[in-house]
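Take a look at the structure below.
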Amino acid sequence: MTLKASIASAINTFFHSEREGIDLSNKIVLNSTRKEFDGDYTLVVFPFSKMAKKSPQDTAEAIGEYLKENVEIIEDFNVIKGFLNLSLKQEHWTKVLTDLSTSEEITIPKKDKKVIVEFSSPNTNKPLHLGHIRNILLGWSISKILKSAGYDVLNTQIVNDRGIAVCKSMLAWQLYGDGETPESSGIKGDHLIGKYYVIFSKKIKEEYAQWQKSEEGSRVKAEQIKDGEEASVFFKRYENTYFNEYSKLGLQAKEMLQKWEQNDTEIRALWKKMNDWVYAGFEITYNNLGVHFDKLYYESDTYLLGKDIIEEELKVNQFYKKDDGSVWMDLEDVGLDHKLVLRSDGTSVYMTQDIGTAEKRYENHGAEKMIYVVGNEQDYHFKALFEILKKLGRPYADGLYHLSYGMVDLPSGRMKSREGTVVDADDLMNEVIGEAAKNASEREIQLDIPEAEKTEINRKVGMAALKYFILKVNPKKRMVFDPKESVDMKGDTGPYIQNAFVRIQSILRNYGDEIPTYTKGYTDIKEIEKELLVLLDGYPRVIEEAAAQYDPSQIASFSYQLAKTYHRFYNDVRILKAESEEAKSFRLNLCRVIGIKLAHSMDLLGVEMPEKM
RNA sequence: GGUCCCGUAGCUCAGCUGGAUAGAGCAGCUCACUUCUAAUGAGCAGGCCUCAGGUUCGAAUCCUGACGGGAUCACCA
């Protein structure tokens, strides 16, 4: 039984609460005692003061007496201003350590529930960038956390491999590519495609500029410009219409999309060839990020899904049809608008697809929970999607969750691909690894490490810096990233935590032998050692909380706290030269379990630990 | 304009279902490596927790309303 549970049960007895049919356990607030006061844990007694019909001070005294008598592991107590500070017996701490040493697995009960986590979901017309990195790291981490919290997890992504954007890249390559391939150019596949996407944008910009000066352009402007509107403002506003109605390139791209939809052999072949280049490129990026997927969905397979559900449900009046043939659902009763689910020409929209894919995934995998890792600009869409599925009475509707995260901004503001301010994922990873290498070269300790091993260490350290930097921030918040300042490696960072682990490994190496299990005899457990044990003891609850809130930043906080306390411990006490054999044995075991938990928690963030650095 | 998210030190962020004097890191200034890895530790300095009300024994935390920032409100995805 945990300490909290023991106290809860004692308090219930103390107040005879079962006689009244109430349970006081949810009123129990138990914190670790602040450094300035004596004690290990602190119970807040204000909630009980009224029930006891005594002042907080007297209530605390009374509860303290009772707990000391009736809870085995409580050694003593003191009361300060309505806070009951409890000290635990030495045996408690010894037991925490031996429990941790004997069972290395985190003991969280299996939930026996299947979860699908969808993340990344890139477009195949350009390479991944910093925004994707946040998405991918969040998705990967939350998947790991859920697994660790006892769920059965499946990672998936939906590859947006079709549509007008993809055709733009294809067309540009056809027109200006001169047969260029990743092999011929030495450019990574996704970057090559991205290059042609940019070329398309450039060409259409030129074409548009020409058109603005042409007879037709002047005429349209004269006809449609608002009073007092600047020409430049008008043309910016008119861009989409131009693309759809006047642009030659736009027309060609749209024709290409039509041919694609009609399964035109030549276009499909080109499409497949170019997508394969992109996938090869993505594969490299995913590998470098250390993530993988269990199941891929392709938009080219799923974009027609959902229509039949809508036809079916239309019959039982879940949807309604307007005169023009378009199909809608009324979501006003849940505070949203009317939402289009089928165009007047009968073709599907984004929402249609998402309804279909959710259904299909449920059929395929029977998952009770589905987590969509998607940026917060789509909050409205997912709210609507979930409401629609609820109204359709889908069994999985209550298990849907949109893990919405804020944008990654540059100090200058939002990243814009048109302005070339997008931070490329591959470049960024190379940069942080380079930074790690630079820092390492200034350290003497690495001199005798072979070159190949150094490279591997730098990779781990650089990636840790990047991943931790991104995951330590609460997902909901938008975050600022300054590519010029690169990523820190000191203080509250990934490498700092790795360093704690490395120090532990170094000690274990220096000790040489297998560490003997700690039995007993160390009677003078220090405050800092208790602090470490309190942290370790609370780890399973941290995981459950992070899983419940879909928030990796809580794991990051824990890892930092543990590493920080360890560094302090390392500076305060000798381990291999401890004052007694008992102390040495205790501390070596403590080091070992801390190493295990550090590695475990960082693994939940997708961070690898080096043995040396 | 409607809806949603965010607002804590110069900067980047913690602060759990309300609990003791609001915590870290970076940047700035001191100090500590013949020692188990100094990518470390100890210290100094830095705060009308955006503002105003309300609930409470107690509010950075909950509620309401302002203000500031962002997103979204397409027969785009």
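Convention: sequence-line order gives letters A, B, ...; per-chain numbering from 1. What you see below is based on every heavy atom in this structure, not just the backbone, and it leaves out hydrogens, waters and symmetry mates.
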* Asked: Between Arg162(A) and A77(B), is there a side-chain N or O to OP1/OP2 distance below 4.0 Å?
  -> no

* **Interatomic distance at C1', C13(B) relative to A22(B), whole Å** => 14 Å

Listed pairs, N/O of protein and of nucleotides 27-36 of chain B, under 3.5 Å:
from: U35(B); atom 1: O2; to: Arg574(A); atom 2: NH1; distance (Å): 3.4
from: C36(B); atom 1: O3'; to: Asn510(A); atom 2: ND2; distance (Å): 3.1
from: C36(B); atom 1: O2'; to: Tyr570(A); atom 2: OH; distance (Å): 3.2
from: C36(B); atom 1: O2; to: Leu576(A); atom 2: N; distance (Å): 3.1
from: C36(B); atom 1: N3; to: Ile575(A); atom 2: N; distance (Å): 3.1
from: C36(B); atom 1: N4; to: Tyr570(A); atom 2: O; distance (Å): 2.9
from: C36(B); atom 1: N4; to: Val573(A); atom 2: O; distance (Å): 2.3
from: C36(B); atom 1: N4; to: Arg574(A); atom 2: NE; distance (Å): 3.3
from: C36(B); atom 1: N4; to: Arg574(A); atom 2: NH2; distance (Å): 2.7

Could you list the protein-to-nucleotides 68-71 of chain B atom pairs, N/O on both sides, closer than 3.5 Å?
from: A71(B); atom 1: OP1; to: Arg414(A); atom 2: NH1; distance (Å): 3.2

* From A77(B), C6(B), A42(B), nucleotide with atom closest to Arg568(A) side chain -> A42(B)

* Could you list the residues that satisfy side chain to side chain donor-acceptor pair (under 3.5 Å) with Asn510(A), not counting sequence neighbours? => none

* To do: Pick the P atom in C26(B) and in U64(B), then give their distance to the nearest Å.
  => 39 Å

* Have a look at Val480(A) and say if it touches a base, only the backbone sugar-phosphate, or nothing, with a 4.0 Å heavy-atom cut-off. => sugar-phosphate

* Taking atom C1' in both A14(B) and U8(B), what distance in whole Å separates the two? -> 10 Å

* To do: Kindly say whether the aromatic ring centers of Tyr560(A) and Tyr468(A) come within a distance under 6.0 Å.
  => no

* **Set of residues satisfying side chain to side chain donor-acceptor pair (under 3.5 Å) with respect to Gln498(A), sequence neighbours excluded** => none

* Asked: To the nearest angstrom, how far is Leu471(A) atom CG from U12(B) atom P?
  -> 19 Å

* Residues that Glu61(A) engages under salt bridge (Lys or Arg N to Asp or Glu O under 4.0 Å), provided they are two or more places apart -> none

* When the P atoms of U3(B) and A74(B) are considered, how many whole Å apart are they? -> 16 Å

* salt bridge (Lys or Arg N to Asp or Glu O under 4.0 Å) partners of Glu608(A), counting only residues at least two apart -> Arg459(A)

* C1' spacing across the pair C29(B) / G10(B), given as an integer number of angstrom -> 15 Å

* Structure fact -> Per the 3.5 Å Watson-Crick/G-U criterion and a run length of at least three, the stems involving RNA chain B are B:1-7 with B:67-73, B:10-13 with B:23-26, B:28-32 with B:40-44, B:50-54 with B:62-66

* Search all heavy atoms of Asn275(A) against all heavy atoms of Asp161(A) and return the closest pair with its distance. => ND2-O, 3.6 Å

* Expressed as a whole number of Å, how far does the C1' atom of C76(B) sit from that of G18(B)? -> 45 Å

* In whole Å, what separates the P atom of A59(B) from that of A52(B)? -> 15 Å

* **Within 45° cone of Tyr496(A) ring axis and under 6.0 Å: Lys472(A) NZ or CZ** => no

* Asked: Which residues pass the salt bridge (Lys or Arg N to Asp or Glu O under 4.0 Å) test with Arg162(A), sequence neighbours left out?
  -> Glu261(A), Glu299(A)

Write out a two-atom table: protein N or O, nucleotide N or O from nucleotides 15-24 of chain B, distance below 3.5 Å.
from: A20(B); atom 1: N6; to: Thr42(A); atom 2: OG1; distance (Å): 2.9
from: A20(B); atom 1: N6; to: Asn85(A); atom 2: OD1; distance (Å): 3.2
from: A24(B); atom 1: O2'; to: Tyr560(A); atom 2: OH; distance (Å): 2.7

* Asked: With distance as the sole criterion, is a donor-acceptor pair present between the side chains of Ser169(A) and Asn125(A) under 3.5 Å?
  -> no

* Asked: In chain order, what residues pass the side chain to side chain donor-acceptor pair (under 3.5 Å) check against Gln561(A), with sequence neighbours excluded?
  -> none

* So what does Tyr380(A) hit on the nucleic acid, given a heavy-atom distance under 4.0 Å: a base, only sugar-phosphate, or nothing? -> sugar-phosphate

* Partners passing side chain to side chain donor-acceptor pair (under 3.5 Å) against Tyr401(A) (at least two apart in sequence or in another chain) -> none

* Listed by chain and number, what are the salt bridge (Lys or Arg N to Asp or Glu O under 4.0 Å) partners of Arg509(A), not counting sequence neighbours? -> none

* When you compare A71(B) with C57(B), how far apart are their C1' atoms, in angstrom units rounded to a whole number? -> 41 Å

